[in-house]
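Working notes, beginning with the structure itself.
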Number of protein chains: 2
Amino acid sequence: MSHHATRTLQELGYRLTPQRTLVWDALREAGGHLGAEEICARVQTRFPNVNISTVYRTLELLVELGLVRETVLGSDRRYYEVEEEVPHHHLVCDGCGRVLHVHNEDLGGLTAGLLRNQGFRLREMTAFGYCRECAAAGGPHGDRAADGAEGGGDHAHP
Amino acid sequence: MSHHATRTLQELGYRLTPQRTLVWDALREAGGHLGAEEICARVQTRFPNVNISTVYRTLELLVELGLVRETVLGSDRRYYEVEEEVPHHHLVCDGCGRVLHVHNEDLGGLTAGLLRNQGFRLREMTAFGYCRECAAAGGPHGDRAADGAEGGGDHAHP
DNA sequence: CTTATTGCAAAAAATTTGCAGGTAA
DNA sequence: TTACCTGCAAATTTTTTGCAATAAG
């Protein structure tokens with residue numbers, strides 16, 4: 001495990017099990033965004049007997065304790081990442097699926113504006129659009145194709 | 001159905017079936033955000049034999065043609081709404097689940113800022129946080145409780 | 001010792017897909 | 001007529017839950 005996570009768990013009376021440590025470590029080592037299945041796969045690399053339901057339960061707990069952040073980046077993209085001191089926001093490219101990060105200071109007047117106009121206190125935001133490369137290419141580009149962004153429709157119509 | 005939707009479908013060679021008309025009408029009448037199940041329920045109010053898979057297929061088509069917009073507002077909140085001329089963005093309240101709308105001009109310098117700093121061309125964004133009422137109440141409030149925002153943890157620990 | 005946790009399997013919930021018959025054009 | 005569409009049921013996929021056995025503190 002590492003730093004305060006261990007302490008937080010124990011101080012709150014939760015047990016420090018190897019499964020929890022493994023999930024946490026996988027999350028830290030990856031650095032980026034991981035889905036539950038991915039996390040489970042990484043954990044099972046070393047301990048094949050760890051069950052996916054345990055991973056789900058552990059993630060739920062870690063999110064509840066504020067140690068991990070859960071972000072929904074699209075239809076079926078529910079990712080987890082270690083909660084950092086300085087929270088960041090996400091930019092999801094419709095073209096290549098890439099995920100970029102943005103910090104509060106680069107949000108422009110968004111936070112203040114929403115608070116002023118709607119009384120809305122922003123915690124986190126996710127934006128969809130095209131990254132520099134895809135925008136330049138005038139469309140999709142890259143390795144990770146997004147779901148609904150191909151060239152032509154694949155439906156009916158002769 | 002209504003206005004250009006009918007035309008768009010037909011011009012592109014798609015058939016104008018009663019099911020498609022019903023889904024479209026349900027979406028227009030509701031005005032707000034509807035999930036696939038909800039749309040299906042509304043349609044079935046008048047035509048009980050319309051199948052949910054047809055609703056899914058119709059939504060997929062309408063989204064593909066740009067007539068309907070699909071927005072993911074959280075873990076399992078995949079909503080649909082008629083695509084408007086002036087696109088808007090969403091603010092989801094972590095407290096009551098309410099969904100507010102924001103237009104481009106109220107985004108502050110976000111669009112320009114992201115383009116300048118990251119070369120990211122914003123199409124749509126969703127922000128999570130607390131609405132005026134919930135923020136004022138210092139926490140959750142309202143009828144539609146959000147998933148992970150209750151008062152105390154319901155996990156273990158004696 | 002106590003009981004929070006885990007593993008497993010089965011339950012749920014949400015979409016998607018294969019097909020044969022129905023129907024818009 | 002023709003082949004796009006629909007209804008139905010079964011298959012997927014993803015997450016949750018019941019329970020007895022296990023192990024953390």
Side-chain angles (χ1 to χ4, degrees), chain A residues 1 6-24 34-41 43-44 46-65 68 70-80 147-148 153-158, chain B residues 1 5-24 34-41 43-44 46-65 70-80 147-148 153-158:
Chain A
M1 175 98 50
T6 301
R7 222 183 47 224
T8 303
L9 273 179
Q10 298 191 308
E11 280 179 355
L12 294 177
Y14 293 99
R15 291 184 182 169
L16 186 59
T17 67
Q19 289 87 338
R20 286 175 177 169
T21 299
L22 286 164
V23 168
W24 175 260
L34 291 179
E37 297 276 3
E38 272 175 306
I39 296 170
C40 188
V43 168
Q44 294 182 326
R46 284 188 288 169
F47 295 80
N49 58 316
V50 171
N51 195 276
I52 180 85
S53 67
T54 297
V55 172
Y56 274 113
R57 284 187 283 225
T58 299
L59 288 172
E60 182 188 15
L61 176 61
L62 295 177
V63 168
E64 204 172 293
L65 300 185
V68 164
E70 178 187 287
T71 308
V72 177
L73 263 29
S75 291
D76 29 22
R77 301 182 67 180
R78 199 170 174 177
Y79 294 153
Y80 298 88
D147 308 285
D154 54 337
H155 238 280
H157 169 39
Chain B
M1 176 92 56
T6 300
R7 224 183 46 224
T8 302
L9 272 181
Q10 300 192 307
E11 281 180 352
L12 294 179
Y14 294 97
R15 292 185 183 167
L16 187 58
T17 66
Q19 289 87 338
R20 286 175 177 171
T21 298
L22 286 164
V23 168
W24 176 259
L34 291 178
E37 297 276 2
E38 273 174 305
I39 295 170
C40 188
V43 168
Q44 293 182 326
R46 284 187 288 170
F47 295 78
N49 57 317
V50 172
N51 194 277
I52 179 84
S53 66
T54 297
V55 172
Y56 275 113
R57 283 187 281 224
T58 300
L59 288 172
E60 181 187 16
L61 176 61
L62 295 176
V63 167
E64 204 173 294
L65 299 185
E70 177 186 288
T71 309
V72 178
L73 264 28
S75 291
D76 31 23
R77 301 183 67 181
R78 200 171 174 176
Y79 294 154
Y80 298 88
D147 308 284
D154 53 338
H155 238 281
H157 168 40

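Residue numbers begin at 1 in each chain, while the letters A, B, ... track the order of the sequences. Because only heavy atoms are used, hydrogens play no part in the values below, and waters and symmetry mates are left out as well, while side chains stay in.
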Per-nucleotide protein contact string for nucleotides 15-25 of chain C, where B marks a base within reach and S marks sugar-phosphate only (heavy atoms under 4.0 Å, - for neither): SBBB---BBBS
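With rounding to whole Å, A:Gln44 atom CD is found 14 Å from C:dT6 atom P. Put simply, CD on A:Glu38 is 15 Å from C1' on D:dT13, counting in whole angstrom units. Going from atom CG of B:Leu22 over to atom C1' of D:dT6 covers 13 Å, rounded to whole Å. A:Phe47 has its CZ atom 16 Å from the C1' atom of C:dG7, to the nearest Å. If you measure from atom CG of A:Leu9 to atom P of C:dA4, you get 15 Å, rounded to the nearest angstrom. Between the C1' atom of C:dA4 and the CG atom of A:Leu12 lies a distance of 14 Å, rounded to the nearest Å. What separates CG of A:Leu59 from P of C:dT5 is a distance of 15 Å, to the nearest Å. Here D:dT16 presents its P atom at 14 Å from CG of A:Leu61, a figure rounded to the nearest Å.
In this structure, the side chain of A:Glu38 engages the main chain of A:Gly35 through a donor-acceptor pair within 3.5 Å. With hydrogens and angles ignored, the 3.5 Å screen pairs no side-chain donor or acceptor of B:Arg78 with any backbone N or O of B:Glu70.
The two atoms that bring B:Asn51 and B:Cys40 nearest to each other are C-SG, 4.4 Å, heavy atoms only.
Residues meeting the side chain to side chain contact (heavy atoms under 4.5 Å, CB included) test with B:Gln19, sequence neighbours left out: B:Thr17, B:Val50, B:Thr54.
In this structure, A:Arg20 CZ and A:Leu62 CG are separated by 8.0 Å, a value rounded to the nearest 0.5 Å. Distance OG1/B:Thr8 to CG/B:Leu16: 11.0 Å, rounded to 0.5 Å. To the nearest 0.5 Å, atoms CH2 (A:Trp24) and CG (A:Leu59) are separated by 11.0 Å. Distance check, rounded to the nearest 0.5 Å: OG1 of B:Thr58 to OH of B:Tyr14 gives 12.0 Å.
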A:Tyr80/A:Leu34 under side-chain contact (heavy atoms from CB on, under 4.5 Å): CA gap, chis, key distance, verdict: CA-CA 5 Å; A:Tyr80 298 88; A:Leu34 291 179; 5.6 Å; no
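Terminal axes of the helix from C:dC1-D:dG25 to C:dA25-D:dT1 (five pairs each, C1' rotation axis) are separated by 40°, to the nearest 10°.
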